[in-house]
Amino acid sequence: MKRRETKYLIVGGGLAGTILARTMEKYGQDFILVDNPGKSNSSRIAGGMFNPVLFRTLGKTWQADEIIPFAHGFYPEFEKELNQKIYFPRKLVRILNQDEKAKWAEASKENDFLDPEIKSYFSQDIVLQPYGGAAINQAGNIDVKLMIESYHHYLKKQDRLKLGGVHCEDLAIHSNGVSWKNIHAEKIIFCEGFLVENNPWFSFAPLKPAKGDVLLIHAPQLKTEHIINKKVWIVPLGNDYYKAGATYRWDDRTETTRQDTLDEIITSLEKFLNVPYTILDHQAAVRPTVGDRRPLIGHHPEFESLLIFNGMGSKGVMLAPYFADHFLQYLTGKREEIMERVDVRRFQRTWDKNKGE
Ligand SMILES: Cc1cc2nc3c(=O)[nH]c(=O)nc-3n(C[C@H](O)[C@H](O)[C@H](O)COP(=O)(O)OP(=O)(O)OC[C@H]3O[C@@H](n4cnc5c(N)ncnc54)[C@H](O)[C@@H]3O)c2cc1C
């Protein structure tokens, strides 16, 4: 097999690896992406929403003022390049409870992502909303699966995508980079989702994976283009199909569906959805959530050629474009440091402590 040289070998082609690859392309960097689709499916089943509001506090999500405008620039441009409809800016309507209704007006003075108007966005015989609903500005959703498939198709044609699993025992670390099979790369960047827990170099980062289930439903009488949120969410997919989810389980690292989570989604839906629907599919996957809920980006504490871009948790759609750009600025020398809050070396002490074991 002919030896191939590249600057970056990206391992994992979910949302994180795919957006990193796309950003590398924008920065004119040389890379090969290796993906083993099906090993972890968080990106492929995700709701794909971006929502800059924390409903618990009605405040903004972390860094939302920078991250949200960035996402609204990134996805339409990517959509154009892919020639596929993947970007759906739309209203996200929160079905309010009594407490939220009381706090909304005040909170909207502080948080410009909250539309101050409270009203009935739906007729009561379709969606129950005794306290009305209110919209989140600048929300929307991405067709993540289509984005990944379309970009991988494009990369395949350019011979920049390899299918298969990278096993750490097949990697050799040299003074000038790493090699895997016939590929030699200056740097390898792991984007393995929650499977990073099996990676001997980066498992020191404290992942707290969160399994989630989603349903594909058909609800011909719902007729809405809005995302609906009340404990669970409903995202329109077109032609009366919707995604509905999601659950959180912290004690299960399998991607098999569960009856208790199915029941949980149905119970939540039935509290507000007042029209019949049919469940067509039920899927589950594991989110790569970090103990401190911030991404994991940057160099291994000891091996400079090993890097990571992971830990997007439940907000990969919003976080990945902004932090891929941040990472590329760093990798190309346009910025000196990776933001401390996301730098994987914030957990260096765990690596130092465990490496002798
Ligand atoms: C039910 C559910 C709903 C969600 N809804 C939303 C939402 O609405 N909005 C949002 O922002 N986020 C949502 N998320 C979270 C979002 O899915 C994640 O933030 C994001 O997808 C993580 O992407 P990732 O690429 O890091 O991981 P993954 O999607 O797990 O991708 C990792 C990829 O790497 C491959 N891989 C792993 N190890 C190797 C290896 N050694 N060699 C080769 N390939 C490898 C895997 O097979 C996979 O293709 C949701 C998640 C779930 C489970």
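Atoms within each ligand, like the ligands themselves, are counted from 1 in listed order. Since the model is a prediction, treat every value here as computed from it, not as a measurement.
Atom CD of residue E186 and atom NZ of residue K7 lie 5.0 Å apart, to the nearest 0.5 angstrom. Once rounded to the nearest 0.5 Å, the distance linking OG of S43 with CD1 of I142 reads 12.5 Å.
Contact between G165 and ligand 1 is present, with at least one heavy atom of the residue lying under 4.0 Å from the ligand. The shell of residues lying under 4.0 angstrom from ligand 1, judged by heavy atoms, excludes K211. Within the 4.0 Å heavy-atom shell around ligand 1 one does not find C168.
Shown in contact with M312 at under 4.0 Å from a heavy atom are these atoms of ligand 1, numbered in order with element: 19 (O). Below 4.0 Å from some heavy atom of V214 lie the following atoms of ligand 1, by number and element: 1 (C).
If you look at C191 next to ligand 1, the close heavy atoms, those under 4.0 Å, all belong to the backbone. Only backbone heavy atoms of K315 (N, CA, C or O) come within less than 4.0 Å of ligand 1; its side chain stays farther off.
Ring planes of F327 and Y330: parallel class, angle under 30° (limits at 30 and 60°).
Residue-to-ligand polar distances keep V286 apart from ligand 1: every N/O pair is separated by 3.5 Å or more. Between G313 and ligand 1, a contact under 3.5 Å exists for at least one N or O pair.
The shortest distance between side-chain heavy atoms of F202 and L306 falls below 4.5 Å.
With respect to R249 and D260, a salt bridge is recorded, a charged nitrogen being found less than 4.0 Å from a carboxylate O. Ion pairing of D240 with K223 is present here, as a side-chain N (NZ or NE/NH1/NH2) and a carboxylate O approach within less than 4.0 Å.
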